[in-house]
Amino acid sequence: EFLWVILRLTISTLVLSLPARAAQDQPLEITDVTYKSEEGTVASKLYKLKDLRGRAPAILVLPGRGRDFSGMEWLIKPLAQNGYAVLAIGYRGIPVRYYLKDVEDARNGITHLESLAYVDPARIGIFGHSRGGMAALMTAASGDKRVRSVVSTSAPTDHFKSVEEKKFSAAHYPDRMRTREKPPDEDPEYYRSISAIYHASKMRDVPIFLIHGAADFLCFVDHSLNMYGALKVAGNRQARLEVIPGAGHFFERGFSGYRSRYNTRPNEGRQYEDPKVSGCGRRRGHRVQRRRRRAGIGCRQHQAIRSAGDPA
């Protein structure tokens with residue numbers, strides 16, 4: 001619960017441009033770490049308080065496709081300053097088909113955390129973004145009981161859908177094929193094996209928090225909406241969903257940037273509308289609905305989706 005509250009407050013502060021709290025002045029110890037994963041090694045960094053006392057809970061952070069976790073320090077450092085030991089990993093840099101080794105890299109990262117005297121092995125969770133969000137879910141689905149909770153953000157949970165969405169993109173579709181080698185109709189088993197939505201029944205006992213920006217055009221928000229539905233159908237009573245209005249794939253705010261003294265009214269972008277889910281996608285009444293959204297009022301279904309992940 002504490003982890004979820006911190007993540008929600010941290011991300012909401014960044015995206016909604018609320019007045020940020022003063023950063024804690026507690027000094028951090030940041031160490032370069034390399035650990036073994038099957039036949040290779042994984043480069044990573046460990047963040048913790050210098051004067052960490054007692055056995056601390058730990059978070060394994062899984063970044064996106066670029067394997068660059070330094071861009072996630074806006075989240076990693078606040079977690080470490082709140083007493084977590086945080087291990088951010090970069091996956092193995094080996095030529096392998098997309099996602100096939102990510103789960104083993106994550107599980108071996110947990111093994112490394114367990115080896116540290118100041119980590120409580122009974123309190124290890126995973127945070128992942130994009131590719132990492134998918135890897136976090138699949139690690140939970142692997143049956144590894146050491147995974148006590150998962151936070152998955154902006155994750156492509158259905159790779160059949162992910163490829164189909166970019167089929168007519170001259171830039172994105174070739175990139176999808178470069179990393180996946182074959183289209184879904186030629187190798188459906190591979191796509192099923194890396195799509196968390198088909199493994200929801202294997203993670204029914206793991207607390208899972210899904211976070212997605214409503215204006216994510218790299219990985220559409222319905223990946224998390226559908227995953228949330230699959231988890232609920234599978235009987236996961238600890239699954240939660242947070243859809244952040246106006247936020248993009250990297251939690252950027254619309255098309256005009258964040259609020260600042262130079263940009264007091266940024267364009268928040270069009271909110272996610274799905275007539276099958278939210279009831280907000282009808283042609284009629286769009287002007288009225290936009291005025292309601294500006295005033296903080298939406299239809300009941302839309303409000304339900306926005307509040308589905310509220311820890312309170």
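We're numbering straight along the sequence, starting at 1. Values below: all heavy atoms of this structure, side chains included; hydrogens, waters and symmetry mates excluded.
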*Asks:* Any side-chain heavy-atom pair from Tyr91 and Lys101 closer than 4.5 angstrom?
*Replies:*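 When only atoms from C-beta onward are counted, Lys101 and Tyr91 do not touch, as no gap falls below 4.5 Å.
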*Asks:* Please round to the nearest 0.5 Å and tell me the distance separating atom CD of Gln238 and atom CZ of Phe209.
*Replies:*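 Interatomic distance, Gln238 CD to Phe209 CZ, rounded to 0.5 Å: 13.5 Å.
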*Asks:* I need the Lys232 NZ to Arg204 CZ distance, nearest 0.5 Å.
*Replies:*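 Rounded to the nearest 0.5 Å, the NZ-CZ separation comes to 13.5 Å.
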*Asks:* Do Val233 and Met227 sit in the same hydrophobic cluster, where Ile, Leu, Val, Met, Phe, Trp and Tyr count as joined when their side-chain heavy atoms come under 4.5 Å apart?
*Replies:*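 Unlinked, Val233 and Met227 end up in two clusters.
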*Asks:* So do Asp216 and Val221 actually touch side chain to side chain, heavy atoms under 4.5 Å?
*Replies:*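 No, side chains not in contact.
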*Asks:* OG1/Thr153 to CE/Met72 distance, rounded to the nearest 0.5 angstrom?
*Replies:*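 Rounded to the nearest 0.5 Å, the OG1-CE separation comes out at 6.0 Å.
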*Asks:* Identify whether the distance between the nearest side-chain nitrogen and carboxylate oxygen of Glu104 and Arg92 falls below 4.0 Å.
*Replies:*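 No.
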*Asks:* Between Lys161 and Asp158, is the closest basic N to carboxylate O distance under 4.0 Å?
*Replies:*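 No.
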*Asks:* Does the plane of the ring in Tyr198 sit parallel, tilted or perpendicular to the ring in Phe160? Use 30° and 60° as the thresholds.
*Replies:*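 Answer is perpendicular, since the angle exceeds 60°.
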*Asks:* Do Lys182 and Tyr190 meet the cation-pi criteria used here (NZ or CZ under 6.0 Å from the six-membered ring centre, within 45° of the axis)?
*Replies:*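 So Lys182 doesn't make the cation-pi contact.
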*Asks:* What verdict does the side-chain contact (heavy atoms from CB on, under 4.5 Å) test give for Leu87 and Val61, after you've listed the backbone C-alpha separation in whole Å, the side-chain angles of each residue and the deciding distance to 0.1 Å?
*Replies:* CA-CA 6 Å; Leu87 181 66; Val61 172; over 6 Å; no
*Asks:* Give the C-alpha distance, both sets of side-chain angles, the deciding distance and a yes or no for side-chain contact (heavy atoms from CB on, under 4.5 Å) between Leu210 and Thr157.
*Replies:* CA-CA 11 Å; Leu210 303 168; Thr157 60; 5.6 Å; no
*Asks:* Does any non-hydrogen side-chain atom of Ile110 lie less than 4.5 Å from one of Ile126?
*Replies:*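 They are in contact (side-chain heavy atoms under 4.5 Å apart), so the answer is yes.
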*Asks:* Side chains of Ser154 and Cys219: closer than 4.5 Å at any heavy-atom pair?
*Replies:*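 SC-SC contact between Ser154 and Cys219 ruled out.
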*Asks:* For Tyr47 and Leu79, what are the C-alpha separation, side-chain angles and deciding distance, and is it a side-chain contact (heavy atoms from CB on, under 4.5 Å)?
*Replies:* CA-CA 9 Å; Tyr47 301 73; Leu79 286 172; over 6 Å; no
*Asks:* Do Met203 and Leu231 touch side chain to side chain, with heavy atoms closer than 4.5 Å?
*Replies:*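 Counting from C-beta outward, Met203 and Leu231 do come under 4.5 Å.
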*Asks:* Under 6.0 Å between ring centres, would you say that holds for Tyr84 and Phe127?
*Replies:*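 No, they do not, as the ring centres are separated by 6.0 Å or more.
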*Asks:* List the atom pairs, donor and acceptor, that lie under 3.5 Å between side-chain atoms in residues 133-143 and the rest of the protein, sequence neighbours left out.
*Replies:*
| residue | atom | partner | partner atom | Å |
| --- | --- | --- | --- | --- |
| Thr139 | OG1 | Ala135 | O | 2.7 |
| Ser142 | OG | Thr139 | O | 2.5 |
| Ser142 | OG | Asp144 | N | 3.4 |

*Asks:* Tell me whether the count of non-hydrogen atoms from other residues, nucleotides or ligands lying under 6.0 Å of CZ in Arg107 goes above 12.
*Replies:*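 Yes, the 6.0 Å shell around CZ holds more than 12 heavy atoms from other groups.
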*Asks:* What is the distance from atom NZ of Lys48 to atom CG of Leu28, rounded to the nearest 0.5 Å?
*Replies:*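 Reported value, rounded in 0.5 Å steps: 9.5 Å.
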*Asks:* Are side-chain heavy atoms of Ser224 and Val243 found at a separation under 4.5 Å?
*Replies:*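 The answer is no, as the side chains (C-beta and beyond) never meet within the 4.5 Å cut-off.
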*Asks:* Any non-hydrogen side-chain atom of Leu46 less than 4.5 Å from a side-chain atom of Leu113?
*Replies:*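 A side-chain contact exists here, since the closest heavy-atom pair is under 4.5 Å.
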*Asks:* Is the NZ atom of Lys45 crowded by more than 12 outside heavy atoms at less than 6.0 Å?
*Replies:*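 Atom NZ in Lys45 is not crowded, with 12 or fewer foreign heavy atoms closer than 6.0 Å.
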*Asks:* Please list, chain by chain and in numerical order, all residues satisfying side chain to side chain contact (heavy atoms under 4.5 Å, CB included) with Lys50, sequence neighbours excluded.
*Replies:*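 Result, side chain to side chain contact (heavy atoms under 4.5 Å, CB included) vs Lys50: Pro27, Glu29.
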*Asks:* Anything under 30° is parallel, anything over 60° is perpendicular, the rest tilted; go ahead and classify Phe251 against Trp74.
*Replies:*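 Aromatic pair Phe251/Trp74 classed perpendicular.
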*Asks:* Any chance you could lay out the side-chain contact (heavy atoms from CB on, under 4.5 Å) test for Ile208 and Asn236, step after step, and finish with the verdict?
*Replies:* CA-CA 9 Å; Ile208 293 175; Asn236 190 325; 4.1 Å; yes
